[in-house]
Amino acid sequence: MMAPEKQLDEIKRGSVELIGEAELKEKLKAGKPLRVKAGFDPTAPDLHLGHMVLIHKLRQFQDLGHQVIFLIGDFTASVGDPSGRSKTRPALTPDEIKANAKTYTDQAFKVLDRNKTEIRFNTEWLAKFTPTDFIKLTSQYTVARLLERDDFGKRLKEQQPLSLHELIYPLLQGYDSVALKADVELGGQDQKFNLVVAREIQRAYGQSAEALLTMPLLEGTDGVQKMSKSYGNYIGITEPPQEMFGKLLSITDDLMWRYYELLSTKTLDEIKSLKAGHPKLAKVALAKEVVARFHSEQAADEAEKNFEQVFAQKGKPDEIEEKQIKSDGSPKELAILMAELGLAKSNSEARRLISQGGVRVDDVVIKDAKHSIVNKGDYLLQVGKRRFLKLSLQ
RNA sequence: GGAGAGAUACCCAAGUGGCCAAAGGGAGCAGACUGUAAAUCUGCCGGCGUACGCCUUCGAAGGUUCGAAUCCUUCUCUCUCCA
């Protein structure tokens, strides 16, 4: 095993904060593999690059020879995390959770070593909680201290709802660490409060407090808000290579370096030399690296080629979705066709797109909102810069 | 338990009887410019119709009125203060 100091350097790389460093060092010196925990919420079945920041870090722990615990918060998910207000989450059935969890782990194992990962669900211990257990847990912490949390205080001030069960959430999450006897917990920066509570809960239950490693939140493709499915600014790791590549190239330059910092396996020196070159080249390299990781080298090459073809040379992708529509011989209004084909949400929207010059048929910009397609045959429809569809009118 | 405030379109937020499909901002979409970057500028931004227009929408359900997001009643939810 690597020397404790060197391990610490590796562990801290890219992180925001490491709490409990001294104890961690002691544990490392003891030479026993650490139990490293990170929790995930199985309400959304898809992982995106934002989750990968954490998983990437978990992988590093694995490489250092530690035991990684991939905790699926199936119980806490039903409690509802404090960030989503007033939306009643549909209660997932055990089957759905199982299915989500499988998708989750399958995706995570593109980065993690499956054989070295312990997968756990927190219903395992939380579902067995008796009222007595529950009271014992809740008596370990005071309301005032819970209200110290920014989220909570802010919501109170802004007159937003704050439910009782949300206050309890951090305690439950903290108990996970007790049940798992975690030595280290990873979490996003936004999880800091919950994580700190976990340390105290562990102490209250007679365990040594885990070290906390917080990672920055990856901004989504908009470059402002954290990557999240609900903001629609995410890059899902199961997205097709071309999609992934395109999204990565559309991020801002500043954001690109963040992605490098948090997701790339490139060394700091390599990144430095990329910074000296043209940003476009660096962005392509990033996009290729990510696509290669979640798909394959080959897919990455193809995605790049396709991209250059479509955008740099204003060509078309090699593969374009095809749809057929039956014609009765009468002229078909383009706008209506577009709505039918899903290229626009409504006829009106389609008309707007057309009159704004955003629609091409066989490479010709159509500006007449009343434009109709008369003859049967094949047409290539293009909306905006990147949406293509082959229409076969029969 | 008592008193008060509030719920408006994807989000924030104006609007207190007709001029409201509903100001403004953000997000989004399209165009110009580019490196499909950012910034900037332009247009659009509930649905249907080329348009005058029509239909559905302002927490929910009823009611008053020629006419309601706006007034009344009940209900649901949230917040604040007091106990």
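Per chain, numbering begins at 1; letters A, B, ... match sequence-line order.
- Separation of the P atoms belonging to rG43(B) and rG25(B) is 12 Å when rounded to the nearest angstrom.
- The partner of rU70(B) cannot be assigned: no Watson-Crick or G-U wobble pair with both contacts below 3.5 Å exists in any strand.
- Between N347(A) and the phosphate of rG47(B), there is no side-chain N or O to OP1/OP2 separation shorter than 4.0 Å.
- Atom NZ in K345(A) sits roughly 8 Å away from atom P in rG47(B) (whole-Å rounding).
- Using Watson-Crick or G-U wobble geometry with both donor-acceptor distances under 3.5 Å, rA30(B) finds its partner in rU42(B).
- Within the cation-pi definition used here (under 6.0 Å to the ring centroid, within 45° of the axis), K247(A) qualifies as a partner of Y234(A).
- Base pairing analysis places rA23(B) opposite nothing; no Watson-Crick or G-U wobble pair with both distances below 3.5 Å involves it.
- Between the D133(A) side chain and the T130(A) main chain, a donor and an acceptor come within less than 3.5 Å of each other.
- With RNA chain B read from its 5' end, the first of the two nearest nucleotides for L249(A) and G357(A) is the one closest to G357(A).
- To the nearest whole angstrom, the two C1' atoms, one in rG47(B) and one in rU57(B), are 10 Å apart.
- Across every strand in view, rU16(B) sits unpaired, with no contact that passes the Watson-Crick or G-U test at under 3.5 angstrom.
- Of the P atoms belonging to rG24(B) and rG15(B), the separation is 14 Å, rounded to the nearest Å.
- Among the atoms of the strands shown, none is found under 4.0 Å from any heavy atom of L281(A).
- For the P atom pair drawn from rC12(B) and rC79(B), the interatomic distance equals 15 Å after rounding to whole Å.
- Sequence order on RNA chain B of the closest nucleotides to P279(A) and K370(A) puts P279(A) first from the 5' end.
- Note: CG (D253(A)) to P (rG35(B)) measures 12 Å, nearest angstrom.
- Listed nucleotides: rU50(B), rG31(B), rA38(B). Nearest to the side chain of T252(A): rA38(B).
- Only the P atoms considered, rG4(B) is 23 Å distant from rU8(B), to the nearest whole Å.
- The partner of rC81(B), taking Watson-Crick or G-U wobble pairs whose two distances both stay under 3.5 Å, is rG2(B).
- Judged by distance alone with a 3.5 Å cut-off, a donor-acceptor contact links the side chain of Q356(A) to the base of rG43(B).
- Not one side-chain nitrogen or oxygen of R352(A) sits closer than 4.0 Å to the OP1 or OP2 atom of rU50(B).
- Using a 4.0 Å heavy-atom criterion, one finds that G223(A) contacts no nucleic acid atom at all.
- Atom-to-atom, CG of D222(A) to P of rA38(B) comes out at 11 Å; the value is rounded to the nearest Å.
- One atom, NE2 of H371(A), and another, P of rU50(B), lie 15 Å apart when rounded to the nearest Å.
- For rA7(B), the paired base is rU76(B) (Watson-Crick or G-U wobble, both distances below 3.5 Å).
- Taking the C1' atoms as reference points, rC10(B) lies 34 Å from rC81(B), given to the whole Å.
- In this model, the phosphate group of rG49(B) is approached by a side-chain N or O of R351(A) to a distance below 4.0 Å at OP1 or OP2.
- Remark: R387(A) is not in phosphate contact with rC29(B), judged by side-chain N or O atoms under 4.0 Å from OP1 or OP2.
- Atom CD of E17(A) sits in a crowded spot, with more than 12 heavy atoms from other residues, nucleotides or ligands closer than 6.0 Å.
- Scanning both residues, P42(A) and G73(A), for their nearest heavy atoms gives CD-O, 3.4 Å.
- Taking atom CD on E333(A) and atom P on rC48(B), their separation rounds to 11 Å, with Å as the unit.
- The CE atom of M338(A) sits 15 Å away from the P atom of rC29(B) (whole-angstrom rounding).
- Rounded to a whole angstrom, the distance from the P atom of rU73(B) to that of rA23(B) is 30 Å.
- Comparing the C1' positions of rC29(B) and rU80(B) gives an interatomic distance of 40 Å, to the nearest angstrom.
- Across all non-hydrogen atoms, the minimal contact from P216(A) to R258(A) is CB-NH2, 3.5 Å.
- Phosphate proximity of rG47(B) to S346(A): present, with a side-chain N or O under 4.0 Å from OP1 or OP2.
- Ring centroids of F75(A) and F121(A) are separated by 6.0 Å or more, keeping the two rings apart.
- Remark: the E289(A) side chain and the S264(A) side chain contain an N/O donor-acceptor pair separated by less than 3.5 Å.
- Pair assignment for rG53(B) gives rC48(B), based on Watson-Crick or G-U wobble hydrogen-bonding distances that are each under 3.5 Å.
- Between the CG atom in D41(A) and the OH atom in Y104(A) there is a gap of 6.0 Å [rounded to 0.5 Å].
- Taking atom CG of residue L353(A) and atom P of nucleotide rC45(B), one finds them 11 Å apart after rounding to whole Å.
- Here the P atom of nucleotide rG31(B) and the CD atom of E349(A) are 13 Å apart, to the nearest Å.
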